[in-house]
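Notes follow once the structure below has been shown.
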Amino acid sequence: MAVIHRNGLLRTLTTAGAVLAAGAVVAAGLTGADALKDRQAHMKEMGKASKAIADELKTGKADPAVIKPNADKIATNSKNIPTWFPKGSGPETGLKTKALPIIWTDPEEFQTKAHNVQVAAANLDAVADTGDMAKVGPAAKELGQACHSCHEKFQAKEKDD
Ligand code: HEC
């Protein structure tokens, strides 16, 4: 199941690349600077949702009603990660970006990392459904690690502007 899904994502990327080469607009609709701005906004949204989950867990009496919508947001958003990085939406836009060129030279690993986040977010969502808050903490931690694992490899480290 997961493998089929991943192949689907890869196929989407390949199609987008082929369309781009023909000088048209990618399937997701956005290219270049627009795609860059759009993905940064979506990433920020996922960051906010992650923080909301972490903050809720810190209260020591986490409410599944707070965890769930945020896990949902991440699960939904993360499905689209592969469409947020069309070729030409990196540093060549002239805009500030931490997207490293390796995203486009090692798309397979990039897809895997995106997929891992989708799985971790769906898992957190399912665990929140059980209402067993003792399990929510570890599931949220796993999700955070999945995000970090992609950033570690594909996102430039903080540097002075
Ligand atoms: C497949 C790789 C990948 C995954 C998975 C991923 N990110 Fe990112 N993220 C990136 C890249 C690359 C950037 C830099 C984008 C840019 O600057 O153009 C980024 C940027 C960000 C930013 C900074 C946005 C900004 O411009 O201020 C936040 C916040 C963020 N990610 C949160 C998350 C969270 C939370 C998750 C997990 C739920 C996540 N990311 C999963 C690759 C990923």
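When a ligand or atom number is given, it counts from 1 through the structure's own listing order. None of the values given here were measured: they were computed from a predicted structure.
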Using a 4.0 Å cutoff against the non-hydrogen atoms of [X], which atoms of ligand 1 qualify?
X	value
Ala114	1 (C), 5 (C)
Phe154	12 (C)
Lys113	5 (C)
Gly47	35 (C)

Problem - N/O separation below 3.5 Å, Lys98 to ligand 1 - result: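 Yes: some nitrogen or oxygen of Lys98 is under 3.5 Å from one in ligand 1.
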Among protein heavy atoms, which lies nearest [atom], and at what distance?
atom	value
atom 5 (C) of ligand 1	Val117 CG2, 3.4 Å
atom 35 (C) of ligand 1	Ser50 OG, 3.3 Å
atom 27 (O) of ligand 1	Lys44 CE, 3.1 Å
atom 11 (C) of ligand 1	Phe85 CZ, 3.9 Å
atom 22 (C) of ligand 1	Met43 CB, 3.6 Å
atom 15 (C) of ligand 1	Arg39 NE, 3.7 Å
atom 38 (C) of ligand 1	Cys147 SG, 2.6 Å
atom 33 (C) of ligand 1	His151 CE1, 3.3 Å

Practice task
May I ask which of Gln155, Gln40, Gln118 has a heavy atom nearer to atom 26 (O) of ligand 1 than the others do?
Solution key: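 Residue with the shortest heavy-atom distance to the ligand atom: Gln40.
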Does any non-hydrogen side-chain atom of [Y] lie less than 4.5 Å from one of [X]?
X	Y	result
Pro82	Gln111	yes
Lys51	Lys48	no
Asp55	Thr59	no
Leu30	Leu36	no
Cys147	Met46	no

Handout entry: Proximity of Ile74 to ligand 1 by residue part, where a heavy atom lies under 4.0 Å
Key =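 Answer for Ile74: side chain.
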Problem - Residue part near ligand 1, for Ile103, under 4.0 Å between non-hydrogen atoms - result: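 Looking at Ile103 and ligand 1, just side chain atoms fall under 4.0 Å.
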Between [atom1] of [X] and [atom2] of [Y], what distance do you get to the nearest 0.5 Å?
X	Y	atom1	atom2	result
Ile103	Lys87	CD1	NZ	12.5 Å
Arg39	Ile81	CZ	CD1	11.5 Å
Leu124	Lys141	CG	NZ	14.0 Å

Exercise for the section: Please state whether the separation between atom 8 (Fe) of ligand 1 and some N/O/S atom of Cys150 is under 2.8 Å? Expected result: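 Here the distance criterion (N, O or S atom, under 2.8 Å) is not met by Cys150, so no.
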Practice task
Give me the one residue out of Phe85, Trp104, Phe110 that meets ring pair (Phe, Tyr, Trp, His ring centres under 6.0 Å) with Phe154.
Solution key: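 Only one option passes, and that is Phe110.
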Practice task
Mark yes or no for whether Thr93, through its side chain, and Ser89, through its backbone, hold a donor-acceptor pair below 3.5 Å.
Solution key: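 Judged by distance alone, no pair lies under 3.5 Å.
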Problem - Side-chain donor or acceptor of Thr130 paired with backbone N/O of Val127 under 3.5 Å - result: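 Yes, Thr130 side chain to Val127 backbone: donor-acceptor pair under 3.5 Å.
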